[in-house]
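Okay, so here's the structure we're looking at.
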Amino acid sequence: MNWLRWFKIKNIYFINGPNLNFLGIREIKQYGSTSYDDLKNLVNSEAKKLKIKTVFFQSNIEGEIVSYIQNLINNENSWIVINPGAYTHTSIAIRDALKIYAQNNEIVEVHISDINHREQFRKTNLISDICNKSIIGKGVQGYIEALEYINEQ
């Protein structure tokens, strides 16, 4: 069965938005002490066990994230795991790119903190309705949960 999953899921693209490169430095009480490199190593280690290939991309620039998603639109049998950071609440452009991608592929949304129990402006989520699953407030473990969810599909 794992061989079929490997064949079916060619890549999982982890897209991370602004300030995620500052994990382990920024607001440790909110986001934890795991660095961005540690997060990538954790995910890649788990992905290796599941025989899933992962690719990471992080940008603080909205247009770069949109262009990256657009470049993935024709990839078959792929998933995006996205943490758009603050762009979750503001970027119609990222939403539109994800919506096009979702026509033929799957998306999991991940947020390290519980955006639903933070400042009022963070309660607006422009992408959750186009994602297959949302994992919110589980720390960096949410990324592992996303891998496990995709592996089960």
Side-chain angles (χ1 to χ4, degrees), residues 1-89 91 94-95 97-98 101-102 104-118 122 125-128 130-153:
M1 186 74 165
N2 279 341
W3 174 251
L4 290 174
R5 286 189 181 133
W6 172 250
F7 182 75
K8 182 180 175 188
I9 301 169
K10 295 180 180 175
N11 291 305
I12 301 175
Y13 298 93
F14 285 84
I15 302 173
N16 290 287
N19 297 312
L20 283 148
N21 56 315
F22 272 34
L23 283 178
I25 299 168
R26 172 182 176 234
E27 297 180 67
I28 292 175
K29 285 187 178 182
Q30 196 68 251
Y31 299 104
S33 59
T34 302
S35 72
Y36 187 65
D37 285 339
D38 290 342
L39 169 64
K40 291 192 299 187
N41 291 335
L42 176 70
V43 169
N44 286 331
S45 176
E46 188 64 27
K48 187 175 181 181
K49 291 177 198 172
L50 298 173
K51 297 184 176 18
I52 296 172
K53 183 177 178 187
T54 59
V55 179
F56 276 84
F57 174 79
Q58 187 278 327
S59 180
N60 296 316
I61 302 169
E62 180 180 25
E64 288 181 359
I65 296 169
V66 170
S67 292
Y68 190 82
I69 294 166
Q70 287 178 350
N71 287 331
L72 300 176
I73 286 172
N74 292 322
N75 290 9
E76 294 180 5
N77 299 324
S78 66
W79 286 71
I80 285 177
V81 175
I82 187 164
N83 182 345
Y87 290 137
T88 303
H89 321 292
S91 180
I94 291 174
R95 175 193 167 75
L98 288 171
Y101 176 87
N104 296 311
N105 292 293
E106 315 288 334
I107 304 168
V108 175
E109 166 190 28
V110 174
H111 295 282
I112 294 170
S113 69
D114 188 346
I115 60 174
N116 297 315
H117 292 95
R118 292 189 59 192
R122 293 187 197 274
N125 186 328
L126 297 176
I127 69 164
S128 62
I130 56 175
C131 294
N132 299 81
K133 183 168 182 69
S134 295
I135 302 168
I136 297 172
K138 297 191 175 182
V140 295
Q141 196 60 35
Y143 287 80
I144 302 302
E145 188 175 319
L147 270 179
E148 292 168 349
Y149 171 79
I150 293 167
N151 190 53
E152 292 170 5
Q153 301 308 302

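Numbers for residues simply follow the sequence, beginning at 1. Just so it is clear, the values below take in all heavy atoms, side chains as well, and ignore hydrogens, waters and symmetry mates.
Rounding to the nearest 0.5 angstrom, the gap separating the CD1 atom in Ile82 from the CG atom in Leu98 is 4.5 Å. For the atom pair CD1 of Ile127 and OG of Ser134, the computed distance is 7.0 Å after rounding to the nearest 0.5 Å. Ile73 CD1 to Ser78 OG: the interatomic distance, rounded to the nearest 0.5 Å, is 10.5 Å. Interatomic distance, Ile69 CD1 to Glu64 CD, rounded to the nearest 0.5 Å: 12.0 Å. Note that OG of Ser59 is 11.0 Å distant from CG of Leu20, once rounded to the nearest 0.5 Å. Rounding to the nearest 0.5 Å places CG of Asn19 at 9.0 Å from OH of Tyr87.
Smallest separation of non-hydrogen atoms from Val108 and Ala146: CG1-CB, 3.8 Å. Across all their heavy atoms, Thr88 and Gly85 have their closest contact at OG1-O, 2.7 Å. When every heavy atom of Pro18 is checked against every heavy atom of Ala86, the shortest pair comes out as CG-N, 4.3 Å. Of all heavy-atom pairs spanning Leu126 and Arg95, the tightest one is O-NH1, 2.7 Å. The two atoms that bring Asn75 and Asn105 nearest to each other are O-ND2, 2.8 Å, heavy atoms only.
The closest side-chain donor-acceptor pair between Thr54 and Asn44 falls under 3.5 angstrom. Side-chain polar atoms of Gln58 and Asn60 form a donor-acceptor pair below 3.5 angstrom. For the 3.5 Å distance criterion, the side chains of Glu109 and Asn125 qualify, holding a donor opposite an acceptor. Looking only at atom types and distance, the side chain of Tyr13 has no donor-acceptor partner in the side chain of Asn71 under 3.5 Å away.
Between Tyr149 and Val81 the shortest side-chain heavy-atom distance does not fall below 4.5 Å. Residues Leu72 and Ile15 have side chains in contact (heavy-atom distance under 4.5 Å, counting atoms from C-beta outward). Annotation: side chain of Gln153 is not in contact with side chain of Glu106 (no heavy-atom distance under 4.5 Å). Under the 4.5 Å side-chain criterion, counting only non-hydrogen atoms from C-beta, His111 is in contact with Pro84. Within the 4.5 Å cutoff, side-chain heavy atoms of Tyr143 are placed close to those of Leu39. Looking at heavy atoms from C-beta onward, Lys40 lies in side-chain contact with Asp37 at the 4.5 angstrom threshold.
The aromatic rings of Phe14 and Phe56 lie parallel to each other, their planes meeting at an angle below 30°, with 60° marking the opposite boundary.
In this structure, Ser45 contributes its side chain and Asn41 its backbone to no donor-acceptor pair below 3.5 Å.
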_Working note: Ile150 + Ile12, criterion side-chain contact (heavy atoms from CB on, under 4.5 Å); need CA distance, chi angles, decisive distance, verdict._
CA-CA 9 Å; Ile150 293 167; Ile12 301 175; 3.7 Å; yes
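For the side chain to side chain contact (heavy atoms under 4.5 Å, CB included) with Val140, the qualifying choice from Val110, Ile112, Asp38 is Ile112, the only one to do so.
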